[in-house]
Amino acid sequence: MKPSLMDYTQKELATLIKPSFRAKQIYGWLYHQYVSSFDEMKNIPKALKEELAEKFVVNPLTIVNKEISIDGTIKYLLQMQDGKTMEAVWLKMKDTQRDENGEVIQEAKYTICVSTQVGCKVGCVFCLTAKGGFTRNLTAGEIVSQVVTLKKDNEHKHNRKINIVYMGMGEPLDNLDNVAKAIEIFKEEEGLCIGGKRQTVSTSGLSNKIDRLGEMDLGVHIAISLHAVDDELRSELIPMNKAHNINSIIEAVKRFPIDTRKKVMFEYLVIKGKNDDLGSAKKLVKLLSGIKAKVNLIYFNPYPGTPYERPSKADMVAFDEYLIKHGLLCTIRDSKGMDISAACGQLKEKTKEEL
Ligand code: SAH
Ligand code: SF4
């Protein structure tokens, strides 16, 4: 596998490419024009392009499958140079707003959900990604390219705002060096210019790595996949909870640098008969007291072979109302793309069956 031009910050590229001003031009081709070959880089001399082509690829990903939902969600199956595949999702968060004359007053808002690994080592029992075990970490360029590839496919101009969530396949903090590099490349002013505030790293709670991410001071948000309020159930759902228990996560979150106006997001996957009762809601309120938290309730998304079930809407709403009544900011995640294969890992599984 050759390294990709998307593996590098602009400064790093300038040390690899002589003369260094060419790095800035190449950054423009990669992140403003979304080119996928050296041929398309019009103002770069042929000799330099040939030299670069020997060592690097431009874009390390190709689209192999795509499912489009009626709600605007698009799920992509992307292939890497070694033939392995992973998923990225294009999420429409807000429709285009128009005035009475049909003029656009605000453009539609999108979020891209990126993967960080092929498979995952954490092994959560409810997660389809975990089923196939762990294959490998994604490189920084493979993370960066998911955003470039999806923006290009949707003709989303480089200067239009976009949010990134690290909520696809894999545990971002288990691949922290490459994830941190990707965060920095996304932030590059002459590249995609996506600030830390627009990037949210979701983790199953590797508490020591939450501290490390905080020390890196990248300005990103974190989301904690909590899912349970006591260690017994959490260890059943997320086996590595034995090493990083709820208390150690809460302590790490308290140390994490966050913007004073922002809150830490806690994701709570609701599974029927497991954690959907008001007793759990009560414990959750207690656990999060003293933290600037907001809770995102997620319906468990079933897949063939899982013993777990989706909770009822009534239980979900009751849980949500309890948290709100007790002062927590809480939302129920609307299951985008329910008609396509919504939960992460599902498109990959489906394509495997078809092939
Ligand atoms: N590894 C990280 C990020 C990727 S998973 C983490 O665990 O946070 C992103 C989110 O999808 C997590 O909150 C995870 O718990 C959730 N998830 C996994 N399987 C799911 C399923 N079957 N239904 C609904 N959400 C699921
Ligand atoms: Fe890994 Fe996240 Fe799935 Fe758990 S939920 S197995 S941490 S991807």
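In each ligand, atom 1 is the first atom listed, and ligand 1 is the first ligand listed. As the structure is a prediction and not an experimental result, all values here were calculated from the model.
Counting the atoms of ligand 1 from 1 in the order shown, those under 4.0 Å from a heavy atom of Y299 are 24 (C). Taking every non-hydrogen atom of T203 and a distance limit under 4.0 Å, the qualifying atoms of ligand 1 come out as 6 (C), 8 (O). Each of the following atoms of ligand 1 lies closer than 4.0 Å to a heavy atom of Y166: 3 (C). Short contacts between ligand 1 and F126, defined as distances under 4.0 Å to a heavy atom of the residue, involve ligand atoms 15 (O), 18 (C), 19 (N), 22 (N). Within ligand 1, counting atoms from 1 as listed, the ones closer than 4.0 Å to a heavy atom of G170 are 1 (N), 2 (C), 3 (C), 4 (C). Close approach of ligand 1 to G168 (heavy-atom distance below 4.0 Å) involves ligand atoms 4 (C), 5 (S). Each of the following atoms of ligand 1 lies closer than 4.0 Å to a heavy atom of S204: 6 (C), 7 (O), 8 (O).
Between Y76 and W90, the distance separating the two ring centers is not shorter than 6.0 angstrom. Annotation: F319 is in aromatic contact with Y268 [ring centroid separation under 6.0 Å].
For S145 and N59, the side-chain atoms include at least one donor-acceptor pair closer than 3.5 Å. A donor and an acceptor atom, one from each side chain of D277 and S280, are located under 3.5 Å apart. Counting only N and O atoms by type, the side chains of S37 and E40 include a donor and acceptor under 3.5 Å apart. Using modelled atom types, one finds no donor on one side chain facing an acceptor on the other under 3.5 Å when comparing K187 with T9.
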Under 3.5 Å, sequence neighbours excluded: what are the donor-acceptor pairs made by side chains of residues 115-128?
from : atom 1 : to   : atom 2 : distance (Å)
S115 : OG     : E87  : O      : 2.6
S115 : OG     : M169 : N      : 2.9
Q117 : OE1    : E171 : N      : 2.9
Q117 : NE2    : N137 : OD1    : 2.9

Let me check something: any side-chain donor-acceptor pairs from residues 99-107 under 3.5 Å, sequence neighbours excluded? List them with distances.
from : atom 1 : to   : atom 2 : distance (Å)
D99  : OD1    : N101 : N      : 3.0
D99  : OD1    : G102 : N      : 3.2
D99  : OD1    : E103 : N      : 2.9

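With respect to the salt-bridge test (charged N to carboxylate O, under 4.0 angstrom), the residues R255 and D211 qualify. A salt bridge is defined here as a Lys NZ or Arg NE, NH1 or NH2 lying under 4.0 Å from an Asp or Glu carboxylate O, and K242 with D231 fails to meet this definition.
Residue contacts with ligand 1 for L269 involve side-chain atoms from C-beta outward but no N, CA, C or O (heavy atoms, distance under 4.0 Å).
Taking only nitrogen or oxygen atoms, main chain and side chain alike, C127 does not reach within less than 3.5 Å of ligand 1. Where the criterion is an N or O separation shorter than 3.5 Å, residue side chain and backbone included, Y303 fails it with respect to ligand 1. Taking only nitrogen or oxygen atoms, main chain and side chain alike, E171 reaches within less than 3.5 Å of ligand 1.
Around atom 3 (Fe) of ligand 2, the protein atoms of type N, O or S that sit closer than 2.8 Å are C127 SG.
Applying the side chain to side chain donor-acceptor pair (under 3.5 Å) test to Q146 and every residue at least two apart in sequence or in another chain returns nothing.
Nearest to atom 6 (C) of ligand 1 by heavy-atom distance, out of S115, S225, A223, is S225. Nearest-heavy-atom check against atom 15 (O) of ligand 1 across H227, M169, M167, E267 picks out H227.
The aromatic rings of Y110 and H156 lie perpendicular to each other, with more than 60° between the two planes, well past the 30° mark.
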